K.L.:
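Dumping the structure here so I can ask a few things about it.
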Amino acid sequence: MPRETPTIESSLADLPKRKWLRAVEAVAEEDGYFESLGQSHFSAFIERETTLLVTFETYQGMHALSDKAQPLGWDMVRNHDWSHLCLASDGDTWFRAEEVYAYFDRLIDDGFFDEFEQVLFYGAGPCAYAAAAYSVAAPGAAVVLIQPQATLDPRITEWDDRFVDMRIHDFTSRYGFAPDMLDAAERAFVLYDPNETLDAMHAALFTRPNVLKLRMPRMGDALQTDLLELDQLDPLLQAAADGTLDAARFAALYRARRDYLPYLRNVAHALNSNGRERLLEALYANVTARMNAPRFARRLERIRARRAARAEETRTAAG
């Protein structure tokens, strides 16, 4: 029986790495190309309409975030017929590799980005650093960055002790300091939780006239996963690409967190840690009135029982 040729609809989840790479290559080459960029990186381009999404992703992230173990950008190809250029790495490399520099140099020389009406760069974490750094290759692009690092150069960010092993890599030469590389972007958006101290410190380094910082307090340190679970990453990217993303539009999208239990648990934990029992009771009451949340209901009962017990003690003492 002949082996089926994989398509953009195919699940790649159960394939070993070598076969997975061949499947991605086969899908890309139907309407674009696949190119290996050294031992740790590759690019996969699918051509559709005149909006181009450029994503920076990791092999591990694709398997963790996609049920089909596909690049996240393929959803936008399927849903909106966007063109998509995926830059992928094996592990977190921040895309600091000569082969990647040369690849973007070639795209610039070929006028690749000039062929599209809208260009949007996207990444999260180390991939957000890369999305910002390489966006300079497409002046006038929009850029969406989730929890980006500005640089890992210890002379600038020695306070970030999360990625000490990466300090041996060069973050000072070509495509180096990510915030500076955004100067050519038409608009950029930095999403972060201000309560995540190191993320907030990196976000501060991205302060630029063309950068809008979008705060997601009490959401935590995995914002890309949260946005996917909230079904808000797709509309967020659409709004960024068509020029309608601003603080008000983001606030409307972000209202989805009100029904998102991980966020509500984070808020409850913060209120409890700060001894805000009245507000904590109000939160539990609000959530249990709207949602099936047994844990919140049990905690609401305990709070009310404690309050009733204190009231009884006060009455007894007064009597």
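When a residue number appears, it is its place in the shown sequence, counting from 1. If you're wondering where the values come from, they're calculated on a predicted model, not measured in any experiment.
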K.L.:
Atom CZ of Arg265 and atom CZ of Arg218: how far apart are they, to the nearest 0.5 Å?
P.N.:
15.5 Å
K.L.:
Would you compute the distance between atom CG of Leu237 and atom CG of Asp242 and round it to the nearest 0.5 angstrom?
P.N.:
11.0 Å
K.L.:
Could Glu9 and Lys68 be called an ion pair, given the rule that one side-chain N must be under 4.0 Å from one carboxylate O?
P.N.:
yes
K.L.:
Does Asp81 reach the main-chain N or O of Arg48 with its side chain, forming a donor-acceptor pair under 3.5 Å?
P.N.:
no
K.L.:
Answer yes or no: are there more than 12 heavy-atom neighbours, outside Arg18 itself, under 6.0 Å from its atom CZ?
P.N.:
no
K.L.:
Any salt bridge linking Arg78 with Asp75? Criterion: basic side-chain nitrogen under 4.0 Å from a carboxylate oxygen.
P.N.:
yes
K.L.:
Any idea which heavy atoms bring Glu277 and Arg306 closest together, and the distance?
P.N.:
OE1-NH2, 3.6 Å
K.L.:
Tell me, yes or no, whether the heavy-atom count around Asn292 atom CG, taken from other residues, nucleotides or ligands under 6.0 Å, exceeds 12.
P.N.:
no
K.L.:
Surrounding CG of Asn79 (heavy atoms of other residues, nucleotides or ligands, distance under 6.0 Å), is the total greater than 12?
P.N.:
yes
K.L.:
Is the backbone of Leu223 close enough, under 3.5 Å, to the side chain of Gln147 for a donor and an acceptor to pair up by distance?
P.N.:
yes
K.L.:
In this structure, which one of Glu47, Glu115, Gln118 forms a side-chain contact (heavy atoms from CB on, under 4.5 Å) with Ser83?
P.N.:
Glu47
K.L.:
Looking at Gln70 and Ile8, would you say the former's side chain and the latter's main chain have a donor-acceptor pair under 3.5 Å?
P.N.:
yes
K.L.:
How about NE2 on His269, more than 12 heavy atoms from neighbouring residues, nucleotides or ligands closer than 6.0 Å, or not?
P.N.:
no
K.L.:
Can you give me the closest heavy-atom contact between Ala203 and Val190, atom names plus distance?
P.N.:
CB-CG1, 4.0 Å
K.L.:
State whether the number of non-hydrogen atoms from other residues, nucleotides or ligands found under 6.0 Å of Arg276 atom CZ is greater than 12.
P.N.:
no
K.L.:
For Arg162 and Asp199, work out which heavy atoms get closest and say how close.
P.N.:
NH1-OD1, 3.0 Å
K.L.:
Give a yes or no on whether Ile156 and Tyr129 share a hydrophobic cluster (residues Ile, Leu, Val, Met, Phe, Trp, Tyr; joining criterion: side-chain heavy atoms under 4.5 Å apart).
P.N.:
no
K.L.:
Count the heavy atoms belonging to other residues, nucleotides or ligands that lie under 6.0 Å from CZ of Arg278, then report whether that count exceeds 12.
P.N.:
no
K.L.:
Once rounded to the nearest 0.5 Å, what's the spacing between atom CG of Leu191 and atom CG of Leu214?
P.N.:
5.0 Å
K.L.:
Checking side-chain contact (heavy atoms from CB on, under 4.5 Å) for the pair Val24/Phe42: CA distance, chi angles, key distance, verdict?
P.N.:
CA-CA 10 Å; Val24 172; Phe42 70 78; 4.1 Å; yes
K.L.:
Can you list the steps and then say if Met219 with Tyr263 is a side-chain contact (heavy atoms from CB on, under 4.5 Å)?
P.N.:
CA-CA 5 Å; Met219 192 60 81; Tyr263 165 77; 3.9 Å; yes
K.L.:
Any idea how Phe113 and Phe121 line up, ring-wise: parallel (<30°), tilted (30 to 60°), or perpendicular (>60°)?
P.N.:
tilted
K.L.:
Kindly indicate whether the side chain of Arg96, heavy atoms from C-beta on, has any atom under 4.5 Å from the side chain of Tyr101.
P.N.:
yes
K.L.:
Rounded at 0.5 Å granularity, tell me how far CG in Asp67 sits from CG in Leu12.
P.N.:
12.0 Å
K.L.:
Are the side chains of Leu72 and Gln224 in contact, using a 4.5 Å heavy-atom criterion?
P.N.:
yes
K.L.:
Parallel, tilted or perpendicular: which fits the ring planes of Phe45 and Phe112, with parallel below 30° and perpendicular above 60°?
P.N.:
perpendicular
K.L.:
Any heavy-atom pair between the side chains of Leu53 and Phe116 that's under 4.5 Å?
P.N.:
no
K.L.:
Kindly give the heavy-atom pair with the smallest separation between Cys86 and Glu57, and that separation in Å.
P.N.:
SG-OE2, 4.1 Å
K.L.:
Looking at CG of Leu245 and CZ of Arg187, how far apart are the two atoms once the value is rounded to the nearest 0.5 Å?
P.N.:
8.5 Å
K.L.:
Are Leu233 and Met62 connected, step by step, through hydrophobic side chains (Ile, Leu, Val, Met, Phe, Trp, Tyr) whose heavy atoms are closer than 4.5 Å?
P.N.:
no
K.L.:
Would Arg307 and Glu281 pass as an ion pair if we require N to O under 4.0 Å?
P.N.:
yes
K.L.:
Would you call Phe171 and Thr157 a side-chain contact if the rule is heavy atoms closer than 4.5 Å?
P.N.:
no
K.L.:
Are the side chains of Phe250 and Met216 in touch, meaning some heavy atoms are under 4.5 Å apart?
P.N.:
yes
K.L.:
If only atom types and distance count, is the side chain of Asp31 paired as donor or acceptor with the main-chain N or O of Ile46 below 3.5 Å?
P.N.:
no
K.L.:
If you group Ile, Leu, Val, Met, Phe, Trp and Tyr by side-chain heavy-atom gaps below 4.5 Å, do Tyr122 and Tyr254 land in one group?
P.N.:
yes
K.L.:
Would you say Asp160 and Met201 make side-chain contact, with heavy atoms under 4.5 Å?
P.N.:
no
K.L.:
Kindly indicate, with the supporting measurements, whether the criterion side-chain contact (heavy atoms from CB on, under 4.5 Å) is fulfilled by Val143 and Val211.
P.N.:
CA-CA 9 Å; Val143 187; Val211 175; over 6 Å; no
K.L.:
Going by heavy atoms in the side chains, are Phe104 and Leu87 under 4.5 Å from each other?
P.N.:
yes
K.L.:
Just checking, is any N or O donor in the side chain of Gln60 or Asp90 under 3.5 Å from an acceptor N or O on the other one?
P.N.:
yes
K.L.:
Trp20 side chain to Ala69 main-chain N or O, any donor-acceptor pair under 3.5 Å?
P.N.:
yes
K.L.:
Just checking Asn274: does its CG atom have more than 12 heavy atoms from other residues, nucleotides or ligands closer to it than 6.0 angstrom?
P.N.:
yes
K.L.:
Go through it in stages, so that I can follow the logic: the residues are His80 and Thr51, the test is side chain to side chain donor-acceptor pair (under 3.5 Å), and I'd like the CA-CA distance, side-chain angles, deciding distance and then a yes or no.
P.N.:
CA-CA 9 Å; His80 308 293; Thr51 294; over 6 Å; no
K.L.:
Under 4.5 Å between side-chain heavy atoms, hopping through other hydrophobics if needed: is there a path connecting Trp82 to Phe189?
P.N.:
yes
K.L.:
Could you go through His84 and Trp74, starting from their C-alpha distance and side-chain angles, then the distance that decides it, and tell me whether this counts as side-chain contact (heavy atoms from CB on, under 4.5 Å)?
P.N.:
CA-CA 7 Å; His84 176 233; Trp74 286 11; 3.4 Å; yes
K.L.:
Any side-chain heavy atom of Arg299 sitting closer than 4.5 Å to one from Phe296?
P.N.:
no
K.L.:
Answer yes or no on whether Arg257 is positioned over the face of Tyr260, meaning its NZ or CZ is under 6.0 Å from the six-membered ring centre and within 45° of the axis.
P.N.:
no
K.L.:
Check side-chain contact (heavy atoms from CB on, under 4.5 Å) between Asp246 and all other residues, then give those that pass, not counting sequence neighbours.
P.N.:
Ala248, Arg249
K.L.:
How many angstroms lie between atom OG1 of Thr55 and atom CG of Leu120, to the nearest 0.5 angstrom?
P.N.:
9.5 Å
K.L.:
May I have the step-by-step check of ring pair (Phe, Tyr, Trp, His ring centres under 6.0 Å) for Phe56 and Phe95, ending in yes or no?
P.N.:
CA-CA 9 Å; Phe56 291 78; Phe95 294 82; 5.2 Å; yes
K.L.:
Which label fits His63 and Tyr59: parallel for a plane angle under 30°, tilted from 30 to 60°, or perpendicular past 60°?
P.N.:
tilted
K.L.:
Kindly give the heavy-atom pair with the smallest separation between Glu35 and Tyr103, and that separation in Å.
P.N.:
OE1-CE1, 3.7 Å
K.L.:
Tell me the closest heavy-atom pair linking Leu300 and Ala285, and the distance in Å.
P.N.:
CD2-CA, 3.8 Å
K.L.:
Do any N or O atoms from the side chain of Asn210 and from the backbone of Glu186 form a donor-acceptor pair under 3.5 angstrom?
P.N.:
no
